[in-house]
Amino acid sequence: MFLQIERGANTFLFLDPGRPQGSRQARNQVARRLALAVSLAALIFGAVRLASREHPQALPTSILGFSQLHAAVEHQIEELFQAVPSPDRAREWHRYLTAEPHPAASERNNRLADYIAEHWREQGWEDVTLRKYDVLHSRPRSVSLEMVAPVKFAASLREEPYDVDSDTKNPRVSGSYFGYSASGEVTAEVVYAHSGNPEDYELLRKNGISAKGKIVLVRYSNPYSYRGFKALTAEREGAAAILIYSDPAEDGFRKGKVFPEGPWGPESHIQRGAITYDYIVPGDPLTPGWASVPGAKRIMPAEARSLPKIIGLPLSWRDAKPLLENMDGPEAPKEWQGSLPIKYRMGGAVKVHMKVEMDTSVQPYTVLEARIRGSDLPDEWVLMGNHRDAWVFGGVDPSSGTASMLELTRALGELKKRGIRPRRTLVACSWDGEEYALTGSTEWGEQFAEDLKKKLVAYLNVDESVAGAATTAGEDGLSFDASAVGSLAPMIVEASRAVRVPNGKTLYESWRATHMRDSHSKTLPGDDQLVETHIGSGSDHTVFLNHLGRPVVGLGFTGDYGVYHSMYDDQYWMSHIGDPTFEYHVALTRIWGLIALRLANADVLPFDFGFYGATLNHFVAELDKRSHVQQHLDLASLRARILEFTGEGKKLRDAVEVRIARGVAAPKITAALNANLMQVESNWLDGNGIPGRPWFQHLLYAARYTYAHLEFPGLTEAAERGDWAAAKEQTELLEQAVRKSTELLRTARAAWERQE
Ligand SMILES: [Zn+2]
């Protein structure tokens with residue numbers, strides 16, 4: 001930090017709420033504060049110029065959506081903010097959070113809710129509230145698996161302890177189980193079905209092998225495919241049960257050193273997880289589409305579309321290997337061979353007895369919320385969230401994110417203690433039951449749907465803040481992953497220039513370098529390539545984007561990581577292998593906070609619809625390339641509408657830039673513009689939802705059953721099944737929505753330009 005500001009000098013510009021802002025007295029006060037801000041700004045600019053000589057990449061002075069004067073003030077606030085988070089504090093939070101297993105509905109996870117609530121109050125956050133939802137939960141009573149032929153073998157279904165890591169000896173660690181597995185008992189022949197995708201069963205059929213009535217053994221796969229899709233596919237194939245194991249090819253010794261020497265999964269690591277069909281409808285399976293508050297209507301479990309009917313268990317490769325090596329059926333194709341030193345076969349000879357007894361009952365989940373009320377615009381909310389529940393200790397998933405969040409709330413609370421309130425309201429949430437069906441965030445989103453649709457500027461999600469090993473990442477460090485709707489991509493790139501990462505570079509520089517490295521490119525990416533604008537599911541942003549039509553952002557550092565959802569995803573992994581200095585935790589806190597502060601303090605919300613339009617154009621091209629839509633359906637008109645939208649987006653962006661470069665615009669005109677800007681994302685909602693999945697109401701974004709991203713879901717799914725009449729209907733819906741938003745941008749610009 002290069003500038004120290006005395007306490008008392010920081011209260012400029014941001015009025016306390018409740019003060020009559022229109023009064024003459026208040027205006028005079030604003031004027032005095034502005035004068036003070038100008039002199040401070042001069043100081044800052046001087047400091048920035050000095051800093052620029054040392055660091056050519058130092059802070060630019062302008063910020064998207066801010067007048068020059070407010071940008072200067074914002075930089076100062078951000079300097080104060082960035083000075084607060086500390087790696088040592090992040091390490092302390094992390095140690096406490098990961099000290100015990102804390103799955104949803106456990107006593108420990110509820111204790112952590114109280115712990116975070118206590119600290120949020122201490123940090124100065126307001127309205128700290130615990131919200132309880134009674135939801136259908138799922139946990140194991142007893143599970144077992146034995147091979148009965150051709151040889152006897154009992155699977156341990158447990159993970160091995162290591163002396164160097166005492167947490168791995170904790171007797172409260174669970175064994176193997178899948179959330180929402182059905183209960184049952186079966187003895188049947190085992191069939192190896194590779195990744196468990198529909199095309200794998202096709203290949204089995206071609207080899208005369210049916211999965212019907214069998215126990216299918218499949219692998220976790222790379223690229224990632226959600227285990228709940230593997231379960232549904234097995235169910236549809238008529239399988240009696242599903243076993244999913246971690247092959248060393250995906251996350252074990254084939255990738256590098258295994259735990260506790262390295263970041264990859266050792267032989268007994270088990271990837272637990274839910275197999276819920278939450279890609280159809282997430283949240284409490286018994287209250288699909290509405291909040292599970294007291295007195296809410298509940299459907300019967302048998303009616304719940306998101307509950308699997310198949311029984312299943314996850315396996316370590318240590319438990320899966322005896323099954324694989326005793327098969328004597330036809331040899332599996334080359335692509336199906338994994339990294340165990342055996343011949344992988346499609347089936348034959350192996351018979352297994354398995355029993356799964358689940359306790360599936362209604363349990364309370366706790367969502368924790370808190371806010372710092374905005375000084376000027378308390379009814380515009382910037383929401384930050386992270387889930388709290390973990391399969392075991394949650395070293396990466398999610399407690400790295402929770403540790404980063406506690407430093408974030410501490411730093412934002414520190415600003416408030418110094419008299420600096422955000423202009424808009426900041427809201428923080430600690431979600432519960434994300435691991436089960438994105439449950440806490442979904443119920444909360446459904447409960448406050450009407451408010452959120454009107455007030456939510458954006459939701460900034462961090463699930464895992466550091467899901468990679470800094471110790472194996474090389475000199476460019478961990479990769480930075482940011483995903484967002486197109487409108488927010490440019491402001492995220494801009495904010496990344498103001499944050500430093502552990503190697504001393506700006507996040508922006510290191511982001512570009514790691515992007516080049518990871519994409520095996522020889523040239524640095526352009527700014528327009530950095531943010532991932534394809535958004536899948538599998539975390540708490542889902543309800544806000546897909547159900548409520550609000551803009552979302554997701555952030556995290558990634559790299560080598562092979563202990564996902566296992567016992568080894570713990571404090572030892574993080575403090576010896578992942579982020580031993582905890583500096584990445586802090587870097588994530590900083591970028592998260594800067595994005596939040598800029599959204600909260602901007603004069604004009606920094607949504608770039610020119611950029612959003614360009615991403616939509618790109619999505620159309622990708623869809624056409626993949627499914628050859630143009631051969632069946634003319635997309636020219638949709639493309640033309642998107643070009644109009646892009647053009648209007650650019651014009652509005654330029655008009656805003658020109659006007660606010662001259663100074664702050666009249667509050668009334670700015671407020672009207674911001675209201676229009678917030679409306680655009682809502683215009684993508686269709687109350688009927690996408691065909692077959694009414695809960696998913698966004699016309700541009702949904703997720704595939706694998707959780708993979710899916711753009712223009714209605715159109716894409718119709719095109720992929722060759723239903724061109726439905727595809728045409730969907731294209732028309734899209735055109736209408738794009739036209740509506742173009743019109744909105746045009747009206748907004750006219751009103752904005754009339755202020756001259
Ligand atoms: Zn997570």
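In listed order, ligands and their atoms are each counted from 1.
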**Request:** Take the Zn ion (ligand 1) as the vertex and measure to OD1 of D397 and OD2 of D463; round to 10°.
**Result:** 150°
**Request:** Measure from the ring center of W391 to the ring center of Y436 and say whether it is less than 6.0 Å.
**Result:** yes
**Message:** Let me check your reading of the structure: within less than 2.8 Å of the Zn ion (ligand 1), is there an N/O/S atom from E464?
**Reply:** no
**Message:** Taking the ring of W444 and the ring of Y459, is the distance between their centroids below 6.0 Å?
**Reply:** no
**Request:** Flag yes if more than 12 heavy atoms outside K257 fall under 6.0 Å of its NZ atom; otherwise flag no.
**Result:** no
**Item:** Ion pair check, E100 and R111, cut-off under 4.0 Å
**Value:** no
**Asked** Would E434 count as a contact for the Zn ion (ligand 1), in the sense that one of its N, O or S atoms lies under 2.8 Å from it?
**Response** no
